Structures are given as structure tokens and as C-alpha cells.
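For reference, the structure discussed in these notes is given below.
Since the structure is predicted, the reported quantities are computational estimates derived from the model, not experimental observations. Letters A, B, ... mirror the listed sequences (proteins, then strands); counts begin at 1.
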2 protein chains.
Amino acid sequence: MPKIKDTDTENQILNAAKKVFQEKGMDGARMQEIADKAKINKSMLHYYYRSKQLLFEAVFKNAFALLAPQLNAILNDDSSIEEKVISFTNNYISFVVKHPYLPSFIIQELNRNPKFILKLKDQKGFPNIEKFKKQVVLEIEQGILKPIKGEQLFINILALNIFPFVASPLVKAFVNINDTEFKQLMVDRKTEVANFIINAIKV
Amino acid sequence: MPKIKDTDTENQILNAAKKVFQEKGMDGARMQEIADKAKINKSMLHYYYRSKQLLFEAVFKNAFALLAPQLNAILNDDSSIEEKVISFTNNYISFVVKHPYLPSFIIQELNRNPKFILKLKDQKGFPNIEKFKKQVVLEIEQGILKPIKGEQLFINILALNIFPFVASPLVKAFVNINDTEFKQLMVDRKTEVANFIINAIKV
DNA sequence: ATATTTGTCAACCAAACGGTTAAACCAAAT
DNA sequence: ATTTGGTTTAACCGTTTGGTTGACAAATAT
């Protein structure tokens, strides 16, 4: 071992690759731009990650690993559905503000290559809906919730939270607001969406 | 070999370009693939549309022109909010089944180039939310609806309807269902989503 | 019939792309 | 002091890309 494990370059590359891939997607990203942003020679990209595909997969898995815990919070936690809805909508907005390109990046790239998710599904920590479904059935039996399928409720929660960020240019144009007003509208949604869902499902 | 009155070529090109662009996006699309699919020489693409960018814009505007009337139905119609929600959720699913790649195509490409929507905003027929907002205020005053901002309600309606199609690979993986089950779930949503929204907003 | 315009194609082109190579570099081990 | 082996670089390579050219055929105008 000649040098003291110099993982710095590898990290610079991954950070630069994150930015470029998440902003431009696999097809739009250029290896040269990643190298420039990481301030290293283009050959280093291949030295550390062999190919564009493998570098991309490193970035993608990294991004997905950030998103998964957010979802597991609502799927595997032991609190009530109502509590889950409140905490999830609250947390998710803060999360997206930190990683603005992340949700649309994941969705866009999975649309480009839907088979890719199979590689992720096997890994532990991949969100699983079974516990959530049982909980919904139970709370309906207990007369807490109106009848609804767990799958549909989960899709609705995801949709109301994720969609405005994924489709933000469209939403801004339709609602006819600028970036500042949009940001405020999203902050308002922290309580707005939770109330909306709870009104919809509570008896 | 030109046959009798051949404006047909231009249409073949546009149809092929629609398929390729909507499936692979601007960056992933290849002019050669479009030419092959249209069964014409690659030079014809430039003869009729000058550049990849202009061909793409033709496809994009065409796609947007299909989506806009769907949204105007909920924004400018004279029926009640409840009726609008029911008819929109009902119609939208049928629409997406006919044009599966369309919503994610529009969203993806606007994320890639958000400025592009400014070109569309000027055109007449571009969805405008003002009438809808006034209607929401009115129905709240009349005691029909619970208090909610028109913008938020509109975003929620869009989200619940559009999101599952835009994020279909993700949804399929999380809910752990195959294509057939997903299709069924989407059909169920025709009534499911309408009920969900109405429960959430009706007094 | 002849000339002009429009439509079509095969061949070609320069630039950009992802990836490779071979040599230099440098800190630790001998 | 020399060897060693991971690290870095400039130059290079084959392929693909969007786009162009020039010749030519078909349709239309004269």
C-alpha cells in the first residue's frame, strides 16, 4: 500500500456524477462534463468506475438509498395511519428541498429502463407494502378509517407528496406562479396535504 | 419515388418521431431510428424539419395540444366542482391508456428545459386557473366545500390522476404488482380517486 | 415538349462521444 | 537508493451522431 487510501478522487467523481446525472439524466450526461466538474482527467472516471453505465448505476443506487428510508417510515413504522400521514408529509418536503432533482431523476430513469428496479427489489431495505396493507384493513375494521384499499391509499399519499416536485415546471405554469410563490405553496402543503388525506379517509 | 400528392411523408415522419421521442426523450432519441421507423431516408427528416430540435418541438407542441383540452375541461367548464372531479378522473384514465408515454414525456422534457413552457404559455388554449379559483371560493362561501385554496385543490387533482402513470415502474415495484394488476388498479381509480377527493373537500 | 420545382436517396462529413493506451508520477516498502 | 504499485495525465482510437451534398426522378408549370 503505497499511498494512504486516497478515496478523495473517487468521492469527487461520485459527487460530480450525481450532479450531472441527476440534472441531465443518463442520456443527456457527458463523461467530459463530469470530469470537468470533478476537476480530474476523464480517464479517472474509467479508472474508478470502468464505464458510464457503472458510474450511472452507482449514482442511481446512491439516490435510491436516500429515498427508500423515507418510504419505509410510512410503511413499517408502528404509529397509526393518521400519525404516519402527518409525519410523512411533513418530512418529505424538507427532504426534497435538500435533494431537488432526486425524485424526478429516479422516476425518469426507471421509465427509461424499468427492468433496472428488479436489481433493487432484491436488496434488503426495499420498501414493502404488506404491513401497511394489514394496518389499513385493521383500522377500517376498528371503524377509524373509511373503506379503502391499502394500495390505493399508499399511491394517493405518494402522489400528493411527490407529484408537485416532479412536475414543478408544469405546475408553476398552470397555477401561474413564480419560483418564490411555488416554494411557499409547497411549504403550505406540509399541513395542507395531511389534512386533505385525513379528511378523505377518516370516518 | 414520389407517388401522387405525397404530403404523406411528412406525416409518417411526425408519427415515427412521436413514438421515438416520447419513448426515449430528446437526448435518447436518434434521428436514424426515426427515419427507420418512418421507412424513409434520414435526409428527409432534415428536408421537412431542418433539425432534430425543430422536429422535437413539433412533436412536443403536438403532445401538449392533446393534453391541454383535458385540463381545460376541469378549469373552464360550468359544472360544479364535484361534477368536474368525477368527470375528469373518469376521462383522464381513458386518455392516458390511449397515450401512455405522453404525461411522462411532457414532464420529463419540461424538467430538462423549463424555459420551453414560456413558448406555450402565450398560445391561446393554454390552461388558466383563474376561473377555477373563483369557483372554489364561491362553493366554499356557499357551504358546499371545506376551506381549501384553489391552487392546492387543483394540484391535488392533477397529482392523484397523473402521478401513478408517470411513476408507474416505481408504483408497480412498491405495491408489488405486475402489469395486469396495475392496469386493474388504475381502472379502479376511476371511481376511487373521485371518491377520495370528494370525501376530502365536501362539507 | 421543355424547363423548373419538389421530393428522394446514397454517400459523405466534421464533431462529439465513450473508452483505451502508454508513459509519467509519487509515496511507501525493501 | 531502488523497487513497487496504485494514481494521474495527454494523446489517441473507433464509432456514432446530427447534418450536408449532389445527383437524379417525379410532378408541375411554361
Query raised in the report: Where along residues 24-40 of chain A does a heavy atom fall under 4.0 Å from DNA chain D?
Result: none
Report task. Could you check which of dA11(D), dG19(D), dA10(C) has an atom nearest any side-chain atom of Ser43(B)? Result -> dA10(C)
Report summary line: Residues at least two apart in sequence or cross-chain that pass ring-ring contact (aromatic ring centres under 6.0 Å, His included) with Phe88(A), listed by chain then number, are Tyr92(A)
Requested in this report: Among dT21(D), dT8(C), dT9(D), find the nucleotide with the atom closest to the side chain of Met44(B).
Outcome: dT8(C)
Query - Contacts of type side-chain hydrogen bond (donor to acceptor under 3.5 Å, both in side chains), residue Asn199(A), not counting sequence neighbours - result: none
Query raised in the report: Between Tyr47(A) and Asn41(A), which is nearer to the 5' end of DNA chain D once each is assigned its nearest nucleotide?
Result: Tyr47(A)
Query raised in the report: Which nucleotide in the set dG18(C), dT9(D), dT8(C) lies at the smallest distance from any side-chain heavy atom of Lys52(A)?
Result: dG18(C)
Query raised in the report: Around Lys202(B), counting heavy atoms of other residues, nucleotides and ligands shown, do more than 12 lie under 6.0 Å from its NZ?
Result: no
**Report entry** Between P of dT20(D) and CG of Leu45(B), the distance in whole Å
**Finding:** 12 Å
Query raised in the report: Please give, in whole Å, the distance from dT8(D) C1' to Tyr48(A) OH?
Result: 9 Å
Query raised in the report: Which of these nucleotides, dG18(D), dA10(D), dT8(C), is closest to any side-chain atom of His46(B)?
Result: dG18(D)
With a cut-off of 3.5 Å and sequence neighbours excluded, list every side-chain donor-acceptor pair involving residues 53-63 of chain B.
unit_1	atom_1	unit_2	atom_2	d
Gln53(B)	NE2	Glu57(B)	OE2	2.7

Query raised in the report: Is the base of dT7(D) touched by the side chain of Thr9(A) through a donor-acceptor pair closer than 3.5 angstrom?
Result: no
Query raised in the report: Is there a donor and acceptor pair closer than 3.5 Å between the side chain of Lys42(B) and the base of dG19(D)?
Result: yes
Query - side-chain contact (heavy atoms from CB on, under 4.5 Å) involving Lys131(A) - partner list, sequence neighbours excluded - result: Asn76(A), Asp78(A)
Query - Interatomic distance, Gln53(B) CD vs dG18(D) C1' [rounded to whole Å] - result: 12 Å
Contacts table for residues 160-176 of chain A: side-chain donor-acceptor under 3.5 angstrom, sequence neighbours left out:
unit_1	atom_1	unit_2	atom_2	d
Asn161(A)	ND2	Ile157(A)	O	2.9
Lys172(A)	NZ	Asp179(A)	OD1	3.4
Asn176(A)	OD1	Lys121(B)	NZ	3.0

